[in-house]
Amino acid sequence: MLTEPRAGRLAAWGNALLAGLVSPDDAVLAIVGEDAVHRVEGLPGESGQVGLTLALGRLRTLGVSGLRVALPAPGHALGLSGPPEFNARALEAEEAVVCYGAALGLVPDVYEAGPEGVRDEVVWHVLPVREAPPADVPSLSEAERELAEALRDATDVLTRLDVAGSGPVAEAAVDAYRARAERGREVLAPGYPSRAVRVLELAQRVGTLIAVATESGHGGAVSSSEMSARREALRPVERTARRAQVAAYNSVVEERERGVR
């Protein structure tokens, strides 16, 4: 997952709210985004689903002082620390939020709200997590260095496969990236270092190149075997980009944990 994850919005704006940098209304508006509504289920002390405003306030009273993102994929428990039940739910959703300061995590379920094409409804399920360092999350500086190398690798692979810069699909992908990059400056919310914004935008750029290679049929690799080879060649690049996304979203909590803030 290299588009903007819902877990990223929840963590980024939840961190800004917990730090007192935005109002509850502004945080919830940014987290919900284009969805219809977000609710939270399984919150300690609540018997049913509650709204985001109440849920974020309750998490604060439970000791939560920060929110981390996990973006796991098969064979890569990125950002997770267990237990297996939580990891399995997060892997199925391909994203999760892990609380800092309380042994809780949140995994989203997404439902269509009404007829096809209508905005989604999201239910965040609160589950116990293991208090341990998250798996395979680099520092911002490490992520930035790795991304620069990954971008070169992706460009080399796409050029070799006669993909980079070819056709209207590639042009559309680049335009889509530029639009996301502009929004990305707001996604991370107040309180994030400029380096985190830069790393997130670079991760999105790498993700766009991967999408051009794996989701389009233009270029030199057109057979199923060639498309499979293309995906395999870019798998390490995609992994690096996901790690960088997590590093960017988690940077505020990581700095706080190291005593920077």
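Everything numeric in this text was worked out from a predicted model, so none of it was measured.
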Exercise for the section: Evaluate the side-chain contact (heavy atoms from CB on, under 4.5 Å) criterion for residues Tyr100 and Leu67: first the C-alpha distance (whole Å), next the side-chain angles of each, then the deciding distance (0.1 Å), finally the verdict. Expected result: CA-CA 6 Å; Tyr100 177 68; Leu67 300 171; over 6 Å; no
Problem - Any Asp35 side-chain heavy atom under 4.5 Å of Arg6 side chain - result: yes
Handout entry: Side-chain (Arg68) to main-chain (Gly79) donor-acceptor, under 3.5 angstrom
Key = no
Handout entry: Note, Pro24 side chain near Leu17 side chain (heavy atom, < 4.5 Å)
Key = yes
Completion exercise
OG of Ser139 to CZ of Arg145, rounded to nearest 0.5 Å, is 7.0 Å
Problem - Charged N-O contact under 4.0 Å between Glu85 and Arg89 - result: no
Practice task
Locate the shortest heavy-atom distance separating Pro128 from Pro83; write the atom from each residue and the value.
Solution key: O-CD, 3.5 Å
Practice task
First locate atom CG of Leu234, then atom CZ of Arg239, and finally report the distance between them rounded to the nearest 0.5 Å.
Solution key: 15.0 Å
Exercise for the section: Heavy atoms only: give me the nearest Val97-Ala7 pair and the separation to one decimal. Expected result: CG2-O, 3.5 Å
Exercise for the section: Specify the closest pair of heavy atoms between Pro84 and Arg130, including all atoms of both residues, with the distance to one decimal. Expected result: CD-NH2, 4.0 Å
Exercise for the section: Look at the side chain of Arg60 and the backbone N and O of Leu18, then say whether any donor-acceptor pair between them is shorter than 3.5 Å. Expected result: yes
Practice task
Would you kindly confirm whether Leu56 and Val98 end up in one hydrophobic cluster when ILVMFWY residues are joined by side chain heavy atoms under 4.5 Å apart?
Solution key: no
Practice task
Can you see which heavy atom on Ala12 is nearest to which on Ala189, and at what distance?
Solution key: O-CB, 3.6 Å
Problem - Intermediate values then yes/no, side-chain hydrogen bond (donor to acceptor under 3.5 Å, both in side chains), Tyr192 and Asn15 - result: CA-CA 9 Å; Tyr192 276 84; Asn15 283 329; 3.1 Å; yes
Practice task
Taking all non-hydrogen atoms of both residues into account, name the closest pair between Leu43 and Val50 and its distance.
Solution key: CD2-CG2, 4.1 Å
Practice task
Output the distance between atom CG (Asp120) and atom CG (Asp109), rounded to the nearest 0.5 Å.
Solution key: 11.5 Å
Handout entry: Same cluster (ILVMFWY, side-chain, under 4.5 Å), Leu21 and Trp13
Key = no
Handout entry: Beyond-backbone contact of Arg58 with Val126, side-chain heavy atoms, under 4.5 angstrom
Key = no
Exercise for the section: May I ask whether Leu54 and Val123 are part of the same hydrophobic cluster, defined by side-chain heavy atoms of I, L, V, M, F, W, Y residues being less than 4.5 angstrom apart, directly or through others? Expected result: no
Problem - Student check: side-chain heavy atoms of Leu52 and Val40 closer than 4.5 Å - result: yes
Exercise for the section: Using a cut-off of 6.0 Å, state whether more than 12 heavy atoms not belonging to Gln49 lie near its atom CD. Expected result: yes
Handout entry: Heavy-atom side-chain proximity of His76 to Glu238 below 4.5 angstrom
Key = no
Exercise for the section: Report yes if some heavy atom in the side chain of Glu95 is under 4.5 Å from a heavy atom in the side chain of Leu10; otherwise report no. Expected result: no
Exercise for the section: Indicate yes or no: at least one non-hydrogen side-chain atom of Leu104 is less than 4.5 angstrom from one of Pro44. Expected result: yes
Problem - Close side-chain approach of Gln245 to Val69, heavy-atom, < 4.5 Å - result: no
Handout entry: Shared hydrophobic cluster for Val122 and Leu91 (ILVMFWY, side-chain gaps under 4.5 Å)
Key = no
Practice task
Specify the closest pair of heavy atoms between Asn87 and Gly82, including all atoms of both residues, with the distance to one decimal.
Solution key: OD1-N, 3.1 Å
Practice task
Please assess Arg195 against Arg198 for the test side-chain contact (heavy atoms from CB on, under 4.5 Å), listing each intermediate value before the final yes or no.
Solution key: CA-CA 5 Å; Arg195 189 175 212 172; Arg198 186 167 67 245; 3.3 Å; yes
Problem - Nearest-0.5 Å distance that lies between atom OG in Ser251 and atom CG in Leu188 - result: 7.0 Å
Exercise for the section: Kindly work out whether a path of hydrophobic side-chain contacts (I/L/V/M/F/W/Y, heavy atoms less than 4.5 Å apart) joins Val137 to Leu80. Expected result: no
